[in-house]
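Take a look at the structure set out below.
We count ligands from 1, going down the list as the structure has it; atoms in each ligand are counted the same way. All values derive from a computational prediction rather than experimental measurement.
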Amino acid sequence: MPGLVVVGTQWGDEGKGKIVDILASSADLVTRFQGGANAGHTVVIDSEEFILHLIPTGILHPRKLCVLGNGVVIDPKVLLSEVDELAERGISVDGRLLISEAAHLTMPYHKLIDEAKEVKRESRRLGTTHRGIGPTYTDKMGRVGIRAVDLLYPEVLEAKLEANLEEKNFLLENYYEYEKADYHRILEDYRSYADRMKTWITDTSRVVNEFLSRGKRVLFEGAQGALLDVDFGTYPFVTSSNTTAGGACTGLGVGPCKIDGVLGVTKAYTTRVGTGPFPTEFSEELDEKMRVRGKEYGATTRRPRRCGWFDAVLVRRSVRVSGVEKVAVTKLDVLDEMERLQICTGYEYKGAVMSEFPYQTAILDDCRPVYETLEGWAESVRDVRSFDDLPVKARAYLDRVGELVGVEIAAVSVGPRRDQIVLRDSDLW
Ligand code: IMP
């Protein structure tokens, strides 16, 4: 199976970083196809923690080639500081990082607009990461974006920047009453970024397709989760890209027939950061307990994540829209001490039970989750390495999760380290 897409099936933070890291060891090429510096993939190697925002997790494996596809929005400042941080820790990206010429760049004014919009929204805030993601994708779709290839053409960069700033600064100053962006400062900064990035910028669609046609293993690393997808998520409380598997095709320039499989990553319970509906959200007390036990703080913003019971209704939606064939369940160990566990199987709304995730976000605010209750296993699973050795009640929980979401559970993560994984097959590809 040369081409494998890995996607989150909830609201992001499912633990994709660890799963992708494990898969990357047998990949020839590791790619990212959407999102930007809003992502935060945490990987623990020999008790050393790495948090990657933009660079694919594959970079942590010596000699692996990594690609940032055209669907990714790149903040050069964040990218280069990530490169420097990796270098300080002995990991070089030299010859191992490629950036699509068509990838759009996040500019300082995108971050200012992101912040200014959130301030203006007051009580209707989306709770964005303030990384300029929405405004960068807005400019992409509005056909005024600045792309990586423009870094190679100084006169194009200058002209686009000048034209964009005229409008952005007018908006920032007059509509948002916010700070303006400085043309000369940006130009100087982006010229210096161009000097460092120019050798990485290329036609990455060609590279990825070449790898696939030679039968090489290509991993497509999704960021965020399906419920943050701009089309299939809890709109408008979503990010601005297609986080579902289809995004891998458009975000890298790869035809759908070239992709052989889709692996979903699902946390054993549910979390979300930012605002927006969350039907299975815990009471305050349980929320705090899980947050502490699961270390549920945003990898990018350090914001506390909201926690709740496993919601099979929303994962079923994610499985369908991404064509997920297998799932990896993460953080099972976080549930070790729970006396009883609840799984949401439907939503009761106006006297009827809905088994499909609704598109009308307002329904999610007013519905009541319908739960099935299972007994907890009350023992640690952290040292378990095979399915058969999992406590019977843990297996019952996983079986029920698999049954309700309609796919096989191929792997279970039982702790943060690389080795804390239980695989159904010896190989996830
Ligand atoms: P944005 O992507 O910064 O515009 O934020 C939009 C929404 O997506 C907010 O609720 C964020 O908290 C959420 N979000 C963005 N990236 C991530 C992520 O990597 N994990 C979890 N939530 C995210």
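- For ligand 1, the polar-atom distance check against N38 finds a nitrogen or oxygen pair separated by under 3.5 Å.
- Judged by distance alone, the side chain of E48 and the main-chain N or O of V44 form no donor-acceptor pair under 3.5 Å.
- In terms of protein heavy-atom proximity, atom 10 (O) of ligand 1 is nearest to V273 O, 3.3 Å.
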(request) Would you sort out whether E337 and R293 count as a salt bridge (charged side-chain N to carboxylate O under 4.0 Å, His left out), showing the intermediate values? (result) CA-CA 10 Å; E337 288 171 10; R293 190 161 162 78; 3.5 Å; yes
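- Taking the six-membered ring for Trp and thresholds of 30 and 60 degrees, Y397 and W377 have ring planes inclined between 30 and 60 degrees apart.
- Near W11, meaning under 4.0 Å from any of its heavy atoms, are these atoms of ligand 1: 21 (C), 22 (N).
- Judged by distance alone, the side chain of T271 and the main-chain N or O of W11 form no donor-acceptor pair under 3.5 Å.
- Of all protein heavy atoms, the one closest to atom 20 (N) of ligand 1 is D13 OD1, 3.1 Å.
- Residues that satisfy the side chain to side chain contact (heavy atoms under 4.5 Å, CB included) test with R340, not counting sequence neighbours, are Q342, T373.
- Atom 9 (C) of ligand 1 has G127 O, 3.2 Å as its closest protein atom, hydrogens excluded (heavy atom only).
- Applying the 6.0 Å contact sphere to OH of Y235 captures no more than 12 heavy atoms from other residues, nucleotides or ligands.
- Only backbone heavy atoms of V238 (N, CA, C or O) come within less than 4.0 Å of ligand 1; its side chain stays farther off.
- Not counting sequence neighbours, F50 has no partner by the ring pair (Phe, Tyr, Trp, His ring centres under 6.0 Å) test.
- Of the protein's non-hydrogen atoms, the one nearest atom 3 (O) of ligand 1 is T129 OG1, 2.5 Å.
- Between F237 and ligand 1 there is no heavy-atom distance shorter than 4.0 Å.
- Remark: minimum distance from atom 2 (O) of ligand 1 to any protein heavy atom is reached at T239 OG1, 2.6 Å.
- In the vicinity of A39, heavy-atom distances shorter than 4.0 Å reach the ligand 1 atoms 19 (O).
- In this structure, E296 pairs ionically with K331, as a charged nitrogen and a carboxylate oxygen lie closer than 4.0 Å.
- At a 4.0 Å heavy-atom cut-off, ligand 1 touches R303 through the side chain alone.
- Atom 5 (O) of ligand 1 has as its closest protein heavy atom T128 CA, 3.4 Å.
- Of the protein's non-hydrogen atoms, L228 CD1, 3.8 Å is the one closest to atom 13 (C) of ligand 1.
- E281 and R306 are joined by a salt bridge, as a carboxylate oxygen and a charged side-chain nitrogen come within less than 4.0 angstrom of each other.
- Contacts between L126 and ligand 1 below 4.0 angstrom, taking non-hydrogen atoms only, involve the backbone exclusively.
- Distances between N or O atoms of T275 and those of ligand 1 include no value under 3.5 Å.
- At under 3.5 Å, a nitrogen or oxygen of Q224, whether backbone or side chain, sits near a nitrogen or oxygen of ligand 1.
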